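Below is one structure, written out as structure tokens, with a few remarks after it.
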Amino acid sequence: MNLGGVTSKSKILPLKQFVSTAGTFYQNLRNLLVIEEKPSDELTSFLDFEDTHLAKLKDHIEAEKARVEAGFKQIMKEFYKMCAEAQAEMLENLDRQYINLKSNYDYYRSKINRYYKSETSGKEDEDELILSESKIYEKINECETIDDFEVLVKNILDDFEENEGLKNETNKLAAIKDSMKTLNEDIKAQLKAIPTTVFNEIKSVSDHVSKLEDCVKDYLEKTKQIEPELYQLSMSKGMGFDSKSVTKANEKNFIKTKVLKKTGF
């Protein structure tokens, strides 16, 4: 229990001692000086409008509370939307990992079939690699998803670029072998990779929740501020009830029901 605005060991009293000290103080207060004159109109005239002022403030506060609720509702709605969009993007990206590796298998196999002879290869295999316009349309129609179509277009454009690159090579076969070696190393490296996200481990999830809380906490603290705030007035300089332990509504209710009620307040 703090009796002086500044919490120090000398001013922190047990509740029993606080009640005893307060009781003695009020007994001694009987000797307090009283001004032997009526208060001036300047001191009291506004008191006649107490009900009006309080009613006006109450109406404003209720309206402001409604705006606060609407504001936080909008914030939570937008934050949920942001999280939902991020989640959808992550799930799509995870699916793409499978699509990409499957595409890379097909791409690698097509390069093997194109650049290396096989005893079983024939005209049908050649037609599959050297595409005619009708064959391209056929492959487009075979696409089941937009991802399939993107892969097809990417591979055709890749063939354009690859062909342009080979034009500048003096030893084209050596260049192709080097490219195939690099492609082989790249796909084997992907086979060892296991794509994961920040949610792969429970501890990692907790860490990210903590980071999010740290980011949001400062914003919420600033958001909770009320300006100008109407504080409880006092003629004392620093005296007041400033409990560092009684902060929650249920704790304050306990003080009212268990302590004040017994003393007759």
Side-chain angles (χ1 to χ4, degrees), residues 1-82 206 209-265:
M1 193 73 68
N2 181 6
L3 286 176
V6 178
T7 304
S8 62
K9 287 186 177 180
S10 62
K11 293 184 179 181
I12 297 177
L13 303 178
L15 182 59
K16 183 177 180 180
Q17 186 179 346
F18 169 74
V19 172
S20 176
T21 301
T24 302
F25 167 76
Y26 283 111
Q27 288 300 316
N28 295 332
L29 199 62
R30 297 176 185 275
N31 299 322
L32 185 69
L33 293 177
V34 177
I35 300 173
E36 297 292 342
E37 61 184 53
K38 290 184 178 181
S40 65
D41 289 343
E42 183 180 354
L43 289 177
T44 61
S45 59
F46 74 93
L47 294 176
D48 295 335
F49 303 97
E50 177 181 355
D51 291 343
T52 301
H53 292 152
L54 289 177
K56 183 178 180 181
L57 178 60
K58 184 175 178 59
D59 289 343
H60 168 76
I61 287 175
E62 291 304 316
E64 195 68 13
K65 285 166 62 178
R67 286 189 283 269
V68 169
E69 291 178 350
F72 271 103
K73 184 177 181 180
Q74 183 66 23
I75 289 172
M76 289 185 284
K77 178 181 177 182
E78 292 300 322
F79 184 73
Y80 176 81
K81 179 181 177 183
M82 290 170 59
S206 300
V209 171
S210 297
K211 290 179 181 178
L212 179 60
E213 288 177 345
D214 291 339
C215 293
V216 174
K217 194 178 296 181
D218 290 341
Y219 167 75
L220 291 179
E221 285 300 321
K222 293 177 181 177
T223 302
K224 290 188 295 183
Q225 294 179 1
I226 298 174
E227 296 182 357
E229 184 173 359
L230 305 183
Y231 55 90
Q232 293 187 9
L233 301 177
S234 173
M235 288 178 65
S236 67
K237 297 181 179 179
M239 294 293 287
F241 178 80
D242 181 22
S243 173
K244 301 300 180 183
S245 58
V246 181
T247 58
K248 297 180 181 178
N250 62 329
E251 294 170 344
K252 293 179 180 179
N253 186 58
F254 172 83
I255 295 295
K256 291 173 64 177
T257 56
K258 300 297 184 181
V259 179
L260 301 184
K261 189 175 181 180
K262 288 184 178 180
T263 58
F265 288 96

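Computation of the quantities below employed the complete heavy-atom set of this structure, encompassing side-chain atoms and omitting hydrogens, waters and symmetry-equivalent molecules. Every value quoted in this text rests on a predicted model; they were computed, and no experiment measured them. We count residues from 1, following the sequence as given.
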Nearest 0.5 Å, what's the CZ-CG distance between Phe46 and Asp48? 9.5 Å

To the closest 0.5 Å, what do you measure between CZ (Phe18) and CZ (Phe25)? 10.5 Å

Pairing residues for Lys211 by the salt bridge (charged side-chain N to carboxylate O under 4.0 Å, His left out) criterion, not counting sequence neighbours: none

State, with a plain yes or no, whether a side-chain heavy atom of Met76 is found less than 4.5 Å away from one of Phe72. yes

Sequence neighbours left out, what passes salt bridge (charged side-chain N to carboxylate O under 4.0 Å, His left out) with Glu221? Give chain and number order. Lys224

Side chains of Lys77 and Lys81, heavy atoms from C-beta outward: is any pair under 4.5 Å? no

Would you give me the side-chain donor-acceptor pairs under 3.5 Å for residues 55-71, sequence neighbours excluded?
residue	atom	partner	partner atom	Å
Glu62	OE2	Lys65	NZ	3.4
Glu64	OE1	Arg67	NE	3.0
Glu64	OE1	Arg67	NH2	2.6

Determine whether a donor-acceptor pair (N or O, by modelled atom type, separation under 3.5 Å) exists between the side chain of Ser20 and the backbone of Lys16. no

